[in-house]
Novice: 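Just passing along the structure, written as C-alpha cells.
So you know, we letter chains A, B, ... as the sequences are listed, proteins then strands, and number each from 1. These numbers were taken from a predicted model, which means no experiment stands behind them.
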Number of protein chains: 2
Amino acid sequence: MTPDSSNVPRGEATRAALIKAAIDIFGRDGFDAASTRAIAEAAGTNQALIGYHFGGKPGLYLAVLQDIVDRVGQRIGPLVSAIGTEFCPEPGAGSKPSAKRAEALLHQLVDAVLGMLTSDESAAWARLILREQQDPSEGFDLLYEGIMQRVLFVMTRLIGCIRGAPADSAATRLTAFTLIGQTLVFRVARATILRQMNWSELGPEEVAAIRAQLHRNVTAILMEQTGL
Amino acid sequence: MTPDSSNVPRGEATRAALIKAAIDIFGRDGFDAASTRAIAEAAGTNQALIGYHFGGKPGLYLAVLQDIVDRVGQRIGPLVSAIGTEFCPEPGAGSKPSAKRAEALLHQLVDAVLGMLTSDESAAWARLILREQQDPSEGFDLLYEGIMQRVLFVMTRLIGCIRGAPADSAATRLTAFTLIGQTLVFRVARATILRQMNWSELGPEEVAAIRAQLHRNVTAILMEQTGL
DNA sequence: GTCTATAGTCGGATAGAC
DNA sequence: GTCTATCCGACTATAGAC
C-alpha cells in the first residue's frame, strides 16, 4: 500500500535494530563499559540516533529491559498464564485441581525455565538480569514485576497445592527459590559446569541430562514434606 | 627492631591497601568501568602506584582474584581439607566412612557455603566471580582451581558415599551443581528474594530459615536415590 | 529521520622530580 | 617507593547540515 518497502512506521526499524544490538552489548559489557558507538555500529546505524530515539544511553537501557521482559513473556508467558488461571484462588470457582496436576505443571514450569536459561539467546540478557540483581537500578522494577513476580506467584501456588500448605508461607517461598536456584545455576555457573563436566556446550543431550536431574530433585523436595 | 613502626617490608602496606580497595571497586563496577583513579583514592594512595606495584590495571585485577581465592580458602579451606583427607580414596587406607558421617559433613559444607555467600563481605567478591563465570578471562583459572574445583571435589565424594554411587559419575556431579545452585541463589537473586520475602536484609534470622530449608532439601534429594 | 563534526569529560599510562 | 603533571585516546552528548 504505502511506498515503503516494509510496513513499519518510519524509524521503527532503527529503533528495533538499536535495541537488538544493545541487548548484546549491554549484556556483554555492562551499562558503563558499553559504548553507544559500539551499539550504533552493531545496529548499522548512527550514534547520534540513540539520543534521538531514546533520549540517551539510560533511555536505551530502559528500553532494552522492557524488551527483555517481552521476550521472556513470549517464551514462558502462556504457560504461566495458564497455571495462573487454573490455580489462582477465585472465590466460588470450580473444584480445586489435584496435587498430581500441580506436580505435572510444576515440572513443566521448571522445564520451561531451564530451556530458557540454557538457550543461546538467553546468554546476553541473562547477564543483564544478573547485573540488575547484584546492583538494582531503577530498571529493576521492570524485571521484577514483569518476570520474577509472575513466575514466583504461580510457582508458590503449585507448591502450596502439592504440599497442602499456604502458598504465601515463608517455607513455600523459600522452596520456590531453591527450585529456581537449581535451575539458575546452569546459567550462572555455566563456565564451571562446562569445565567440570568436560562439556563444550549445553546442547540438547546435556540439557536432557540436567532436566532429568532436576525432575528427580523436584519430586524429592516436594514429596518430603508431603509425607509429614 | 627496624625503625619502621610496622614490620611489613616497605611498600607492602600500599600493595595490600590497593588490593583491598580494588576488590570493592572492581566488584561494584566491573573491570572496565572501575577506574584506577577511584581505586587509588579509596586506598589512600596514588594512582601511579598501580603501575608501579602491579604493572597496570590488569595486573591489579589478577592480584585481586588471587586475594579472593585466599580469603575463601581461609573461610572454608579447613573444612574442605578435612573432608578431603577423610574421603579421598587412598589405596590401602582405613575403613570407609559411613554414609551417615558423609551426610553430616555434607550438611556442614552446605552451611559453610551458605554462610559465606550470605555474608556482607562476600557481596563485593561474589560479583567478581559472577562476572568471571559469565565471561571468563584468563583469571578464571585462578578461581576455578582455587575454589570451585576444591569444593566440587569433596562434595561429589560425599554424595557418592551417601548414595553408594561413583563420585565421578555425571549424575553425582549434576546433583552437586544443584546443591550449589540452591545455595547460590540466595546471593545471585538476592534482590528478588528480599523483595519477595519482604525482608530488608539477610540477617541471622533469615539465614537460619534458609539454612533449615536447605537442610530439608539436601536430605530429600540424597535420600531419594538411596532407596532405589 | 538521519547524518557529520565537535565540544567537553574522563579514562589509563608514564615521565620525571623528590 | 611515592608523588605531580601530562599525554593521548575514548567516551557521551549535541549542534547543525541535509
Side-chain angles (χ1 to χ4, degrees), chain A residues 2-65 128 131 137-139, chain B residues 1-65 128 131 135 137-139:
Chain A
T2 68
D4 291 273
S5 58
S6 70
N7 49 6
V8 289
R10 264 258 280 145
E12 204 58 31
T14 302
R15 252 189 85 94
L18 281 170
I19 289 178
K20 190 164 163 26
I23 290 178
D24 286 338
I25 297 189
F26 278 136
R28 187 155 305 270
D29 301 336
F31 180 81
D32 291 306
S35 78
T36 52
R37 289 191 208 295
I39 292 169
E41 188 184 5
T45 67
N46 189 278
Q47 187 243 356
L49 289 175
I50 291 173
Y52 179 79
H53 284 287
F54 304 97
K57 197 183 181 186
L60 173 57
Y61 181 71
L62 284 181
V64 161
L65 292 186
L128 272 179
R131 285 181 213 273
S137 73
E138 57 175 332
Chain B
M1 300 294 186
T2 67
D4 291 273
S5 58
S6 69
N7 49 7
V8 288
R10 266 260 279 146
E12 203 59 31
T14 303
R15 253 189 85 95
L18 281 171
I19 289 178
K20 189 164 163 26
I23 290 178
D24 286 337
I25 298 188
F26 278 136
R28 186 154 306 269
D29 301 335
F31 180 82
D32 291 306
S35 79
T36 53
R37 286 173 157 86
I39 292 169
E41 187 184 5
T45 66
N46 188 279
Q47 187 241 357
L49 289 175
I50 291 173
Y52 179 78
H53 284 288
F54 303 98
K57 198 184 182 186
L60 174 57
Y61 182 71
L62 283 181
V64 162
L65 292 186
L128 272 179
R131 286 182 214 273
D135 203 19
S137 73
E138 56 174 335

Novice: Without decimals, in angstroms, what is the distance between A/I50 CD1 and C/dT4 P?
Specialist: 14 Å
Novice: Counting the atoms with a prime plus P, OP1 and OP2 as sugar-phosphate, which does A/A38 contact under 4.0 Å by heavy atoms, base, sugar-phosphate, or nothing?
Specialist: nothing
Novice: Nearest to the side chain of B/H53, which nucleotide is it out of C/dA5, D/dT2, C/dA13?
Specialist: D/dT2
Novice: What integer distance in Å separates B/D29:CG from D/dC11:C1'?
Specialist: 16 Å
Novice: To the nearest angstrom, how far is B/Q47 atom CD from C/dA13 atom P?
Specialist: 8 Å
Novice: I need the CD1-P distance between B/I39 and C/dA13, as an integer number of Å.
Specialist: 11 Å
Novice: I'd like to know if the side chain of B/K57 reaches the main chain of B/A34, judged simply by a donor and an acceptor atom lying under 3.5 Å from each other, with no hydrogens or angles considered.
Specialist: yes
Novice: Rounding to an integer number of Å, can you tell me how far B/L49 CG sits from C/dT14 C1'?
Specialist: 13 Å
Novice: What nucleotide, of C/dA15, C/dC3, C/dG11, holds the atom closest to the side chain of A/A48?
Specialist: C/dC3
Novice: If you only use heavy atoms from C-beta on, which nucleotide in D/dT12, D/dA13, D/dA5 is closest to the side chain of A/P58?
Specialist: D/dA13
Novice: Can you measure B/D32 atom CG to D/dT12 atom P for me and round it to whole angstrom units?
Specialist: 12 Å
Novice: Can you see which heavy atom on A/A21 is nearest to which on A/A42, and at what distance?
Specialist: CB-CB, 3.8 Å
Novice: Check the orientation of A/F26 and A/F31. Use parallel for under 30°, tilted for 30 to 60°, and perpendicular for over 60°.
Specialist: parallel
Novice: If you check every side-chain atom of A/R37, which of D/dC11, D/dA13, C/dG12 has the closest atom?
Specialist: D/dC11
Novice: I'd like to know if the side chain of A/R28 and the backbone of A/I23 have a donor-acceptor N/O pair within less than 3.5 Å.
Specialist: no
Novice: Output the single nucleotide from C/dA13, D/dT2, C/dT2 whose closest atom is nearest the side chain of A/T14.
Specialist: C/dT2
Novice: Figure out the NZ/C1' separation between B/K57 and C/dG11, and round it to whole Å.
Specialist: 8 Å
Novice: C/dG12 P sits how many Å from B/N46 CG, rounded?
Specialist: 13 Å
Novice: If you assign each of A/A33 and A/G55 to its closest nucleotide in DNA chain D, which residue comes earlier from the 5' end?
Specialist: A/A33
Novice: NA contact type, A/A40, heavy-atom cut-off 4.0 Å: base, sugar-phosphate, or nothing?
Specialist: nothing
Novice: Please tell me which of the listed nucleotides, D/dT2, C/dG12, D/dC11, lies nearest to the side chain of B/T36?
Specialist: C/dG12
Novice: Looking only at heavy atoms, which two atoms of B/L18 and B/A40 are closest? And how far apart?
Specialist: CD2-CA, 4.2 Å
